[in-house]
Amino acid sequence: MVNSEVYLTDVTGRDGFQMEKSWIETDDKLLILKGIIDAGIKRIEATSFVSPKAIPQLKDAKDIIKDLKNEELTLVALVPNMKGAEYALESGVDEINVVLSISETHNKKNVNHTVSESLEQVYSIRKLINSTKTTLNISLGTTFGCPFEGKYNVSKVSSVIEQLLENGIDKITLADTTGMANPNKVSYYMKTLRQKYPRAQFSLHLHNTRGMGLVNLLAGYNAGVRHFDASLGGIGGCPFAPGATGNVCLEDIVHMFMEMGVPLEHPINLLKLINTSNDMEKILGYKLPGQVMKAGSAGEVIKN
Ligand code: COA
Ligand code: ZN
């Protein structure tokens, strides 16, 4: 029997901002992230420790972590390699999220490694953090398909998951980097993987590239997944995957689960999230894809 509670990780600071071409001032990033925290989100992937040549937007990673560090928060940073893990550890993050892709082509373009080289990095990082309080998560990009290689089936993903589990790593995020999943596929993947690997804690990181983000998320929930990534206003995407667009929108997910009566791990103030999303829209200077920020909650009655 699975717990019904939903656990959300906000990835606005990492997946969201990494896709923004114009420089966002560090203070503006912090204002947005603090708005999300103030609304009740307690797990934040706030930035990444990657090459500033690859993602110039996140070159202020150290300052972001230093400013947000707080005992009540779980601060996560994405890293692509050992060097990133060393920087992340020095900065005091609570969790290191190592990214690698199921697709050899995307992994090469994204982190300049083969999949097996990336796995070697993962095992070295696990050793590095072994004696620390920092935890480890692995995000597997392009799990449902890759723009360069096409669609995948669950067996391709299983082989990487098995190698991680054999090495004692059981927190695993499946990322649909360019929105190639559909609800039936998510349901089949997650039922199969949860049954096959009961020890693993799976999260879903879904992009709304083809308008199926929220239905895919619900399919994951109905298949027993309880951990999801999301970004405020639905911003984000991988700059090294053609056609990539935003994540499933944080406030739209919160709204959906609230309307359905599904409990969230922590109480979340939806209005504060919507206000922060509107503030972010002004900072970024374009219309964001989020829906509830435009229409308000279905629970709101408009007085005429
Ligand atoms: N953080 C900061 N700098 C890093 C770094 C890290 N994690 N890893 C490597 N570097 C630096 C090296 O010190 C070196 O610097 P130098 O040119 O001043 O000597 C330079 O980057 C090249 O190092 P190298 O190991 O040869 O890396 P690379 O050129 O093969 O690039 C990555 C590999 C992983 C560093 C790069 O592709 C990357 O940062 N990718 C991130 C992609 C990403 O974030 N995608 C979106 C999220 S899914
Ligand atoms: Zn993503």
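Atoms within each ligand, like the ligands themselves, are counted from 1 in listed order. We use all heavy atoms of the structure for the numbers below, so side chains are in, but hydrogens, waters and symmetry mates are not. Index from 1, following the sequence.
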Distance under 6.0 Å and angle within 45° of ring axis: Arg194 vs Phe202: no

Distance flag, aromatic centroids of Tyr7 and Phe228, threshold under 6.0 Å: no

Atoms of protein origin (N, O or S) under 2.8 Å from the Zn ion (ligand 2): Asp15 OD2, His205 NE2, His207 NE2

side-chain contact (heavy atoms from CB on, under 4.5 Å) against Leu271, all qualifying residues, sequence neighbours excluded: Asn269, Asn275

Other residues, nucleotides, ligands: >12 heavy atoms within 6.0 Å of Lys69 NZ: yes

Cation-aromatic face contact Lys156/Tyr152, 6.0 Å, 45 degrees: yes

Within 6.0 angstrom of Lys66 NZ, more than 12 heavy atoms from elsewhere: no

Does ligand 1 have any N/O pairs with the protein under 3.5 Å, and how far apart?
unit_1: ligand 1; atom_1: 1 (N); unit_2: Val50; atom_2: O; d: 3.2
unit_1: ligand 1; atom_1: 7 (N); unit_2: Phe49; atom_2: O; d: 3.1
unit_1: ligand 1; atom_1: 7 (N); unit_2: Asn81; atom_2: OD1; d: 3.0
unit_1: ligand 1; atom_1: 7 (N); unit_2: Gly84; atom_2: N; d: 3.2
unit_1: ligand 1; atom_1: 8 (N); unit_2: Asn81; atom_2: ND2; d: 2.9
unit_1: ligand 1; atom_1: 13 (O); unit_2: Lys83; atom_2: NZ; d: 2.7
unit_1: ligand 1; atom_1: 17 (O); unit_2: Lys53; atom_2: NZ; d: 3.0
unit_1: ligand 1; atom_1: 30 (O); unit_2: Asn112; atom_2: ND2; d: 2.6
unit_1: ligand 1; atom_1: 37 (O); unit_2: Asn110; atom_2: O; d: 3.3
unit_1: ligand 1; atom_1: 39 (O); unit_2: Ser51; atom_2: N; d: 2.8
unit_1: ligand 1; atom_1: 40 (N); unit_2: Asn110; atom_2: O; d: 3.0
unit_1: ligand 1; atom_1: 45 (N); unit_2: Asn110; atom_2: OD1; d: 2.8

Lys62 NZ/CZ over Tyr87 ring centroid, <6.0 Å and within 45° of normal: no

Glu45 and its side chain to side chain donor-acceptor pair (under 3.5 Å) partner, picked from Asn137, Thr9, Asn97: Asn97

Residues forming a salt bridge (charged side-chain N to carboxylate O under 4.0 Å, His left out) with Asp63, sequence neighbours excluded: none

